[in-house]
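Everything on this sheet refers to the single structure shown next.
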Amino acid sequence: MQLSMSFYKNILIISPIGELDHHSVERHAGEADRCFKMRNFKNIIFDLKEVTFIDSSGIGYILGRYKLALLAGGTTALVNVSDQVRKLAAISGLFKIMEEYPSVEAAIDSTLRKGNI
Amino acid sequence: MMENRAFLKFNAISGNESFARLAAAAFAMEKNSDMGFLDDIKTAVSEAVTNCIVHGYEEGEGEIEMELRTTDDTLYIAITDYGVGIEDITLARTPLYTSKPSENRAGIGFTVMEMFMDELEIKSVKGEYTKVFMSKNYR
């Protein structure tokens with residue numbers, strides 16, 4: 001797995017590429033966090049378009065980053081949610097704490113409307 | 001009725017999580033090549049193997065065994081580690097429970113195996129082994 005990161009204002013957009021499992025999470029867990037803290041980001045958007053596999057460790061990774069945004073007073077949004085993510089999200093209650101959007105643009109718009117910028 | 005079997009033994013390192021789930025999917029593919037079905041198999045195997053590494057061997061050295069068996073209509077998977085074992089299986093199966101809280105852990109491994117497979121059975125003796133049996137009908 002590789003992490004591709006971009007940003008819009010104080011929103012960090014994290015796009016994992018490849019397999020989001022225990023192995024890749026252990027190796028990359030710190031990368032996005034360092035970036036988030038260093039540049040004082042407040043919100044996170046996960047773009048899951050390039051995720052080829054995900055299990056509960058991947059969900060755990062998203063939950064961990066959600067807590068980071070929550071502590072900063074921001075929100076976390078999900079984009080490009082696959083069927084597999086949807087099934088895992090239902091089990092973990094992920095959609096109770098973060099919203100899903102059809103595109104990164106829509107997620108940015110919603111974050112802006114919530115006044116979290 | 002046609003039966004097929006495979007037996008794999010590999011090191012309990014996180015890099016083998018992907019090997020194990022792909023091997024299980026490759027084994028099942030002849031009977032059902034539907035992506036949704038194979039994704040379910042891969043996810044359940046990934047959860048079981050990750051448990052062996054993180055909990056069974058507590059990230060230390062060890063070996064994991066995976067037995068695959070198929071009949072015409074059902075895939076059977078057994079995954080075993082010879083690590084610390086589980087003291088309270090009912091507690092371990094509780095959704096959102098984790099014995100090792102960390103910010104990156106969801107605590108839903110066994111729940112995922114239950115939901116993605118048709119059957120899940122866990123046998124464990126503390127200090128000896130943990131064996132997870134799962135099966136899924138090809139439909």
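Every chain is numbered from 1 and lettered A, B, ... according to where its sequence line falls, protein lines coming before strand lines.
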Can you tell which part of [X] gets under 4.5 Å to a heavy atom of chain A, answering side chain, backbone, both or neither?
| X | answer |
| --- | --- |
| Ile13(B) | neither |
| Asp40(B) | both |
| Val49(B) | neither |
| Glu114(B) | neither |

Between Ser56(A) and Ala106(B), what is the shortest heavy-atom contact and its length? O-CB, 3.8 Å
Here the pair of heavy atoms bringing Ser46(B) nearest to Asp21(A) is OG-CB, 4.4 Å
Is the closest side-chain heavy-atom distance between Ile91(A) and Phe116(B) below 4.5 Å? yes
Assess the residue pair Glu17(B) and His23(A) against the criterion (side-chain hydrogen bond (donor to acceptor under 3.5 Å, both in side chains)); give the C-alpha distance rounded to whole Å, side-chain angles, the decisive distance to 0.1 Å, and a yes or no. CA-CA 7 Å; Glu17(B) 290 156 8; His23(A) 180 65; 5.4 Å; no
I'd like to know which of Gly109(B), Pro95(B), Gly15(B) tops the heavy-atom pair count under 4.5 Å against chain A. Gly15(B)
When Leu96(B), Thr98(B), Ile108(B) are compared by non-hydrogen pairs under 4.5 Å with chain A, the top option: Ile108(B)
Can a side-chain donor-acceptor contact be found between Thr43(B) and Gln84(A) if the only test is distance below 3.5 angstrom? yes
Do [X] and [Y] sit in the same hydrophobic cluster, where Ile, Leu, Val, Met, Phe, Trp and Tyr count as joined when their side-chain heavy atoms come under 4.5 Å apart?
| X | Y | result |
| --- | --- | --- |
| Leu75(B) | Met29(B) | yes |
| Leu68(A) | Leu12(A) | yes |
| Met113(B) | Tyr129(B) | yes |

Listing, residues 62-69 of chain B side-chain donor-acceptor contacts under 3.5 Å, not counting sequence neighbours, or none:
residue: Glu65(B); atom: OE1; partner: Tyr82(B); partner atom: OH; Å: 3.0
residue: Glu67(B); atom: OE2; partner: Lys131(B); partner atom: NZ; Å: 3.2
residue: Arg69(B); atom: NH1; partner: Glu3(B); partner atom: OE2; Å: 2.9

Check whether more than 12 heavy atoms from other residues, nucleotides or ligands sit under 6.0 Å from atom CD of Gln2(A), and answer yes or no. no
Given heavy-atom pairs under 4.5 angstrom as the criterion, report whether the side chain, backbone, both or neither of Tyr66(A) touches chain B. neither
Relative to chain B, which segment of Ile54(A) carries a heavy atom at a distance below 4.5 Å: side chain, backbone, both, or neither? backbone
Are Glu19(A) and Lys42(B) close enough, and set up right, to give a salt bridge (charged side-chain N to carboxylate O under 4.0 Å, His left out), and what steps lead you there? CA-CA 12 Å; Glu19(A) 303 188 305; Lys42(B) 281 197 267 184; over 6 Å; no
Taking the basic N atoms (NZ, or NE/NH1/NH2) and the acidic carboxylate oxygens, is any pair closer than 4.0 Å for Lys87(A) and Asp39(B)? no
